[in-house]
Amino acid sequence: MTFRVRLTGAARDDLRRLYKFVAERDDAAAERALDAIERGFGFLEHSPFSCRKAGASPLLRELIIAFVGAGYVALFSIDDDRTVTLCAVRHQREDDYR
């Protein structure tokens with residue numbers, strides 16, 4: 001079974017913010033980070049239930065996305081048997097989702 005992965009407006013804003021932060025220092029690294037995040041999102045098309053739970057609901061989960069020494073965390077919900085919605089994305093060293 002393949003899930004459709006959608007992004008909320010907030011998740012898109014997070015991606016822009018994270019990209020801009022890295023691009024201010026290194027454009028190539030920002031592209032590599034974005035590629036790693038997109039590959040992670042691709043994982044959700046096939047295995048969203050393998051990600052760790054992120055709260056009381058078994059349908060709210062977090063995807064850990066490795067990148068260099070830290071990486072990113074994506075908060076998502078499994079909406080039904082066909083759809084996953086990415087709610088937020090943050091760097092692992094950030095305090096929490098914005």
Side-chain angles (χ1 to χ4, degrees):
M1 173 180 298
T2 300
F3 287 80
R4 184 177 78 124
V5 178
R6 347 180 267 170
L7 279 77
T8 62
R12 288 185 195 284
D13 291 345
D14 288 340
L15 290 175
R16 286 185 201 100
R17 176 181 55 82
L18 293 166
Y19 181 87
K20 182 180 176 184
F21 179 82
V22 177
E24 288 174 355
R25 290 149 186 80
D26 184 340
D27 286 335
E31 289 296 324
R32 290 191 305 274
L34 191 58
D35 287 344
I37 292 168
E38 288 175 351
R39 280 192 308 277
F41 292 172
F43 175 80
L44 295 178
E45 293 176 354
H46 305 286
S47 302
F49 285 100
S50 67
C51 297
R52 71 182 183 191
K53 293 178 189 172
S57 171
L59 301 178
L60 186 63
R61 297 188 173 235
E62 288 182 319
L63 169 67
I64 307 300
I65 302 165
F67 183 70
V68 189
Y72 299 92
V73 182
L75 180 68
F76 68 94
S77 65
I78 301 169
D79 301 328
D80 54 39
D81 64 346
R82 296 184 181 152
T83 311
V84 170
T85 300
L86 285 150
C87 306
V89 184
R90 68 175 172 85
H91 190 273
Q92 287 181 351
R93 293 185 180 150
E94 287 184 84
D95 286 335
D96 210 345
Y97 300 103
R98 299 190 182 272

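What you see is a predicted model; the values in this text were computed from it and never measured.
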| task | For Leu86 and Ala11, work out which heavy atoms get closest and say how close. | result | O-CB, 3.5 Å
| request: Please report the shortest heavy-atom distance between Ala36 and Ala66, naming the atom on each side. | output: CB-O, 4.0 Å
| Arg4 and Thr83: side chain donor to acceptor below 3.5 Å | no
| Can you check whether Phe41 reaches Leu15 side chain to side chain, under 4.5 Å on heavy atoms? | yes
| task | Write down the atom of Ala70, the atom of His91, and the distance for their closest heavy-atom approach. | result | CB-CE1, 3.5 Å
| field | Phe49 and Leu59: CA distance, side-chain angles, deciding distance, side-chain contact (heavy atoms from CB on, under 4.5 Å) verdict | value | CA-CA 8 Å; Phe49 285 100; Leu59 301 178; 4.0 Å; yes
| query | So which of Thr85, Leu7, Leu60, Leu44 actually passes side chain to side chain contact (heavy atoms under 4.5 Å, CB included) with Phe76? | reply | Leu44
| query | According to a 4.5 Å side-chain heavy-atom criterion applied to Ile, Leu, Val, Met, Phe, Trp and Tyr, with indirect links allowed, do Leu34 and Val68 form part of one hydrophobic cluster? | reply | no
| Closest approach of Ile65 and Ala74, non-hydrogen atoms and distance? | CD1-CB, 4.3 Å
| said: Could you tell me if the side chain of Phe67 sits less than 4.5 Å from the side chain of Gln92, heavy atoms only? | reply: no
| field | Same cluster (ILVMFWY, side-chain, under 4.5 Å), Ile78 and Val5 | value | yes
| query | Do you know the tightest heavy-atom contact between Asp14 and Ala88? | reply | OD2-CA, 3.3 Å
| remark: Which of Leu18, Leu75, Val73 passes side chain to side chain contact (heavy atoms under 4.5 Å, CB included) with Arg90? It is Val73
| What side-chain hydrogen bond (donor to acceptor under 3.5 Å, both in side chains) pairs are there with at least one residue in residues 29-56, not counting sequence neighbours? | Tyr19-Glu31, Arg52-Glu62
| query | Is a side-chain donor or acceptor of Thr8 paired with a backbone partner of Cys87 at a separation under 3.5 angstrom? | reply | yes
| Exceeds 12 heavy-atom contacts within 6.0 angstrom, atom CZ of Arg82 | no
